[in-house]
Student: 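This is the structure I want to talk about, given as structure tokens.
Just so we're on the same page: letters track the sequence lines, and every chain starts at 1.
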Amino acid sequence: MSGYDDIPFFDDDDPALKKTPAPGPRSPAVPSAAGSGSTAGSTGGIAARAMAARDAHRTPDYLSGLNPEQREAVETLDGPVLVLAGAGTGKTRVLTTRIAHILSLGRAYPSQILAVTFTNKAAREMKERIGLLVGGAVEGMPWLGTFHSIGVKLLRRHAELVGLRSDFTILDTDDVVRLIKQIIQAEGLDDKRWPAKQFAGMIDTWKNKALDPAQIPEGDARAFANGKGRELYAAYQNRLKTLNACDFGDLLLHPIRILRTNPDILKDYHQKFRYILVDEYQDTNTAQYMWLRLLAQRSGRRPISPLEGEMPGRAEGGIPSDAGARTPPSVGSADISPSRGEIGSGTVNICCVGDDDQSIYGWRGAEVDNILRFEKDFPGAKVIKLERNYRSTAHILGAAGHLIAHNEGRLGKTLFTDRHDPEDGKVVVHAAWDSEEEARAVGETIESLQRPDRNGKRHNLNDMAILVRASFQMREFEDRFVTLGLNYRVIGGPRFYERLEIRDAMAYFRMVCQPADDLAFERIVNTPKRGLGDTTIRNLHDYARARDIPMLAAASDIVETDELKPKARKALFDVVADFKRWSALLETTPHTELAEQILDESGYTAMWQNDKSAEAPGRLENLKELIRSMEQFESMRGFLEHVSLVMDAETNENLDAVSIMTLHSAKGLEFETVFLPGWEEGLFPHQRALDEGGRAGLEEERRLAYVGLTRAKRNCHIWFVSNRRIHGLWQSTMPSRFLDELPENHVEVAETEQSYGGYGRGGYGQSRFDKQEPFQNAYATPGWRRAQQNKTDATRDNWGSRSGHAVERIGYGESGPRARTIEGELVAKSTTTEPSRFAIGDRVFHLKFGNGNIAAIEGNKLTIDFDRAGQKKVLDGFVERV
DNA sequence: CACCGAAGCTTTTTT
DNA sequence: AGCTTCGGTG
């Protein structure tokens with residue numbers, strides 16, 4: 001994206017609505033220009049190409065490969081459509097084909113299609129795939145993007161309506177927290193007692209629900225800073241306005257405000273967007289929902305959602321002015337004129353695609369309810385279920401389907417497949433003693449898969465993934481794979497753009513492009529060290545606030561006075577001069593060159609060159625990489641915009657490596673073989689999800705399990721361990737209730753792993769497990785039995801639940817406090833501090849570490865000197881006095 | 001301003 | 001336990 005000084009309201013390839021002339025060099029060519037006006041690098045005219053494709057075949061190629069349901073989803077263009085697309089049923093294919101179909105029928109120009117995704121990755125993939133269908137890359141779809149990137153686009157056009165300039169800055173989480181901290185301090189509050197981070201989280205939650213400071217619940221407002229929550233939120237919004245800045249939430253909320261309060265603008269967009277498509281609808285939060293409803297709203301239709309209140313204007317019905325009636329200039333055929341009739345007559349051509357069973361972001365504000373309510377929201381909606389799965393074996397689908405059936409409140413889909421290969425293996429459940437053994441065994445399995453089979457075929461590491469519930473689980477696998485020399489890649493680690501040096505460099509660039517960006521200023525004014533300490537900055541800050549000017553401007557003024565000590569004054573003078581010089585170069589110097597110049601002249605590069613720490617060379621390398629990545633952009637501004645919205649870090653695809661990632665980041669991906677470790681109560685389902693989310697939390701965890709299972713195409717291996725170290729404490733764990741929810745006919749239990757139960761023999765003295773026969777199956781492990789025992793106990797005691805599952809807090813022995821119930825579901829035992837049943841000096845026995853003496857007691861945590869294993873901290877739930 | 005010890009975290013993640 | 005962040009001291 002280029003600079004935003006000159007933002008056409010309408011897109012250049014949209015002749016029907018065209019108002020602004022002069023397409024920029026990179027602008028998509030208008031359809032008429034295809035073949036003549038478009039340059040080699042340009043990819044304009046996709047409508048024309050799509051139509052050519054249509055003309056060439058009676059039944060277009062792109063439709064022929066679809067199954068009947070998919071085809072219906074693609075071809076039902078009029079009215080609201082909800083596509084319930086189960087995992088692996090061709091969701092993306094439907095979306096992209098639908099767009100290609102609309103284009104090819106000439107129903108709309110590319111710029112008249114609004115297509116929204118959640119992630120940049122999804123948007124990118126869709127663009128690519130539409131390009132494949134239509135031929136060539138699709139830059140001609142200006143309104144295909146994430147909620148946020150489209151929000152930015154809207155907002156840049158109408159910024160002044162919410163008191164911003166169109167060159168507003170987008171703050172990331174880090175900036176936001178720093179800003180809030182300042183505000184908390186400015187209110188004279190203790191920022192220790194009232195952490196900025198926490199408040200940032202609260203604001204985020206409110207914004208997900210589209211709540212203004214005035215609208216937040218009284219209880220929420222009271223919950224922070226002695227009732228100052230509302231005040232602080234308002235102060236924060238004010239500050240943002242002064243800074244000419246937005247946070248991520250505002251990228252949705254400001255457009256909502258604009259569309260609500262400006263009926264004429266809303267009307268323009270109604271005319272403009274003939275088709276709306278939404279991906280992953282189950283993940284929309286309230287704000288996104290409202291945004292969509294506004295844009296999908298059509299005349300003659302009363303607002304349906306109470307959330308929205310009365311819609312402004314648009315009471316009269318009618319065809320949208322003359323827009324659709326105009327003949328597109330010189331395309332050569334009148335029939336590509338976007339057809340009309342249904343548009344504006346009350347029909348909403350919105351198509352939402354999603355899967356309620358894969359809703360896993362409730363914790364960050366997604367409302368599954370949005371998808372469950374679709375038919376009420378859009379009366380007359382056609383609901384199409386895609387249940388034919390093209391990804392997984394019948395066993396995997398059977399296991400996943402049986403598991404997810406334990407959830408209530410689903411729309412209800414059952415995936416099926418035609419594929420019934422007797423060679424296909426069942427889902428395998430494995431037991432391991434502890435997480436170390438789990439990692440070792442998974443590593444062995446991977447190595448054996450990697451060896452050529454009897455047909456000489458090797459299983460690529462790229463086709464395998466380990467999907468964990470929580471990121472701390474990754475380390476054990478990494479350690480093991482390093483030992484084995486097995487390639488792996490961790491997906492979703494720390495991001496490039498979040499690194500310290502990158503953020504510093506970006507702050508410099510931001511200052512040059514947006515001199516009013518005080519947060520950037522404060523970040524780098526004394527980086528590298530220039531002798532501009534706290535006192536000077538505070539001084540400057542007050543000066544700027546008093547005059548209501550940006551800090552850089554204040555600095556420029558203050559160095560002319562004698563308010564500062566000579567040393568600081570000189571240093572500040574130099575900084576000001578630097579920025580003035582760089583800003584002047586902005587229009588004339590190539591941006592990558594300027595960027596380098598800035599980092600050099602500011603002394604930032606030198607700072608790291610002089611740094612002797614181990615990470616300094618890496619940081620310098622990252623800075624180089626940063627400059628390199630700037631080359632793909634037209635301007636520094638365009639680059640900044642990209643970075644603020646796209647925080648992706650790219651992975652090297654050439655390496656054959658096992659992927660390690662969380663279940664959350666696995667959504668949308670598929671692998672030949674999937675490993676699902678850590679299926680233990682407390683970890684998965686996660687204790688906190690249960691504690692905080694109750695029954696709903698449990699169901700979301702179950703959906704997460706479903707997502708995990710359905711990532712697998714061919715093989716799926718689930719693991720659970722009996723002992724796991726969490727926060728440095730060894731805890732004994734029970735198999736996950738989800739294991740119990742798998743159907744026996746699709747699941748097999750692995751033969752006892754050689755070391756399971758053999759650990760005691762290995763070195764820790766006697767273990768209870770040693771005395772037992774190898775378990776015939778995992779359902780016969782002590783942990784499992786204990787779980788079953790617990791279950792029956794619970795039922796007998798009337799602690800049971802509808803689904804009859806008892807729950808035990810990890811590491812808590814039978815003596816622990818009673819479980820509590822939420823909505824009738826036995827959910828958790830809360831930790832209480834009871835007097836310890838142990839005393840210092842007691843001789844105790846621990847399953848893993850053997851015998852030892854208690855050295856210290858701290859609540860329920862015991863420090864024990866073990867005879868063999870040395871000093872360890874363990875929970876008292878699992879040692880016994882001897 | 002730089003260094004060090006104490007203290008506070010520790011589910012999932014996008015934009 | 002292990003990491004980051006904060007605040008105090010030299």
Side-chain angles (χ1 to χ4, degrees), chain A residues 116-123 145-152 155 170-178 181 190-193 195-198 201 204 207-208 246-253 279-280 283-285 287-288 359-366 467-475 491-495 497-498 500 526 528-536 641-649 661-668 678 682-693 697 700-701 703-705 707-708 725-731 861 863 871-874:
Chain A
V116 210
T117 64
F118 273 82
T119 63
N120 292 296
K121 199 176 146 205
T146 61
F147 275 100
H148 291 85
S149 66
I150 291 170
V152 174
L155 193 48
I170 302 163
L171 303 185
D172 64 23
T173 326
D174 209 78
D175 293 323
V176 167
V177 171
R178 287 189 304 140
K181 189 166 178 182
D190 180 3
D191 66 299
K192 206 58 206 261
R193 191 168 150 176
K197 223 173 149 188
Q198 189 196 333
D204 197 54
K207 290 194 171 181
N208 282 338
C246 267
D247 60 19
F248 285 123
D250 288 339
L251 296 181
L252 290 170
L253 295 193
D279 190 17
E280 305 277 20
D283 286 336
T284 48
N285 62 34
Q288 286 156 341
S359 162
I360 53 173
Y361 286 110
W363 53 275
R364 67 177 198 213
L467 311 182
V468 298
R469 176 60 182 88
S471 41
F472 76 83
Q473 291 173 263
M474 293 180 181
R475 230 192 78 185
I491 301 197
R495 294 144 187 255
Y497 291 115
E498 281 169 9
L500 176 90
N526 200 32
K529 301 270 180 280
R530 302 184 171 96
L532 294 167
D534 260 4
T535 333
T536 315
E641 178 109 330
H642 169 83
V643 171
S644 60
L645 291 173
V646 182
M647 303 288 279
D648 286 0
M661 69 188 94
T662 63
L663 286 160
H664 283 90
S665 39
K667 192 164 79 160
L683 176 58
F684 192 34
H686 200 282
Q687 191 59 45
R688 223 165 125 178
L690 300 178
D691 287 345
E692 291 169 12
E700 184 154 310
E701 294 288 291
R703 290 193 290 268
L704 203 46
V707 167
R725 190 169 51 187
I726 296 174
H727 309 325
L729 292 170
W730 279 100
Q731 302 186 170
K861 296 170 193 167
T863 306
Q871 194 176 78
K872 302 277 178 197
K873 276 191 179 181
V874 295

Student: OP1 or OP2 of B/dT11 sitting under 4.0 Å from any side-chain N/O of A/Arg688?
Tutor: yes
Student: Provide, to the nearest angstrom, the distance between the CG atom belonging to A/Leu645 and the C1' atom belonging to B/dT15.
Tutor: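 Value for this atom pair: 7 Å.
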Student: On DNA chain B, does the nearest nucleotide to A/Ser471 precede the nearest nucleotide to A/Lys529 from the 5' side, or the other way round? Give the residue.
Tutor: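 Final value for this comparison: A/Lys529.
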Student: Closer than 4.0 angstrom, basic N to acidic O: yes or no for A/Arg178 and A/Asp175?
Tutor: yes
Student: Using a heavy-atom cut-off of 4.0 Å across all strands, would you classify A/Asn526 as base, sugar-phosphate, or nothing?
Tutor: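 Since only primed, P, OP1 and OP2 atoms lie under 4.0 Å of A/Asn526, the category is sugar-phosphate.
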Student: Would you say A/Lys181 places a side-chain N or O within less than 4.0 Å of OP1 or OP2 belonging to C/dC6?
Tutor: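 Result: yes.
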Student: Side chain of A/Thr662, heavy atoms from C-beta onward: which of B/dT15, B/dT11, B/dT13 has the nearest atom to it?
Tutor: B/dT13
Student: Distance check needed: C/dA1 P versus A/Arg725 CZ, whole Å only.
Tutor: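 Result: 9 Å.
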Student: Whole-Å distance between B/dT13 C1' and A/Met661 CE?
Tutor: 14 Å
Student: Taking the inter-plane angle between the rings of A/Trp363 and A/His664 on a 0 to 90° scale, is it parallel (under 30°), tilted (30 to 60°) or perpendicular (over 60°)?
Tutor: perpendicular
Student: If you round to the nearest 0.5 Å, how far is CG of A/Asp204 from OG1 of A/Thr173?
Tutor: 8.0 Å
Student: Of the options B/dT15, B/dT13, C/dG2, whose atoms approach the side-chain atoms of A/Arg475 most closely?
Tutor: C/dG2
Student: Between B/dT12 atom P and A/Asp691 atom CG, what is the distance in whole Å?
Tutor: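 From A/Asp691 CG to B/dT12 P: 16 Å.
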Student: Between C1' on B/dT13 and CG on A/Asn208, what's the gap in Å once rounded to a whole number?
Tutor: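 From A/Asn208 CG to B/dT13 C1': 12 Å.
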Student: Would you say the base of B/dT11 stacks on A/His686 (centre-to-centre below 5.5 Å, plane angle below 30°)?
Tutor: yes
Student: Residues two or more places apart in sequence or in another chain: which of them pass side-chain contact (heavy atoms from CB on, under 4.5 Å) with A/Gln288?
Tutor: A/Phe118, A/Phe147, A/His148, A/Leu252, A/Thr284, A/Asn285
Student: Applying a 4.0 Å non-hydrogen cut-off, can you work out what A/Thr173 is touching in the nucleic acid: base, sugar-phosphate, or nothing?
Tutor: base
Student: Does a side-chain heavy-atom distance below 4.5 Å link A/Val707 with A/Leu663?
Tutor: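 No, their side chains stay 4.5 Å or more apart.
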Student: Quick test: give all pairs of protein nitrogen or oxygen and nucleotides 4-8 of chain B nitrogen or oxygen below 3.5 Å, distance rounded to 0.1 Å.
Tutor:
none

Student: Could you say whether A/His148 or A/Gly531 is positioned toward the 5' end of DNA chain B, judged by the nucleotide with the nearest heavy atom to each?
Tutor: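 So the residue in question is A/Gly531.
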Student: Taking the side chain as everything from C-beta on, heavy atoms only, tell me whether A/Leu704 gets closer than 4.5 Å to A/His686.
Tutor: no
Student: In terms of side-chain heavy atoms of A/Thr146, which of B/dT13, B/dT15, C/dG2 is nearest?
Tutor: B/dT15
Student: Between atom CG in A/Asp174 and atom P in B/dT13, what is the gap in whole Å?
Tutor: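 A/Asp174 atom CG is separated from B/dT13 atom P by 18 Å.
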Student: Any sub-3.5 Å donor-acceptor pair from A/Asn526's side-chain atoms to A/Leu532's backbone N or O?
Tutor: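 Flag set: sc A/Asn526 to bb A/Leu532 pair under 3.5 Å.
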Student: Distance check needed: B/dT11 P versus A/Met474 CE, whole Å only.
Tutor: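 Answer to the nearest Å: 14 Å.
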Student: For A/Leu252 and B/dT15, what is the distance between atoms CG and C1' respectively, to the nearest whole Å?
Tutor: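 After rounding, the reported distance stands at 9 Å.
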Student: Under 5.5 Å between ring centres and under 30° between planes: does that hold for A/Trp363 against the base of B/dT12?
Tutor: yes
Student: Does any N or O in the side chain of A/Gln473 come within less than 3.5 Å of the main-chain N or O of A/Ala470, such that one atom is a donor and the other an acceptor?
Tutor: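 Judged by distance alone, yes, a pair lies under 3.5 Å.
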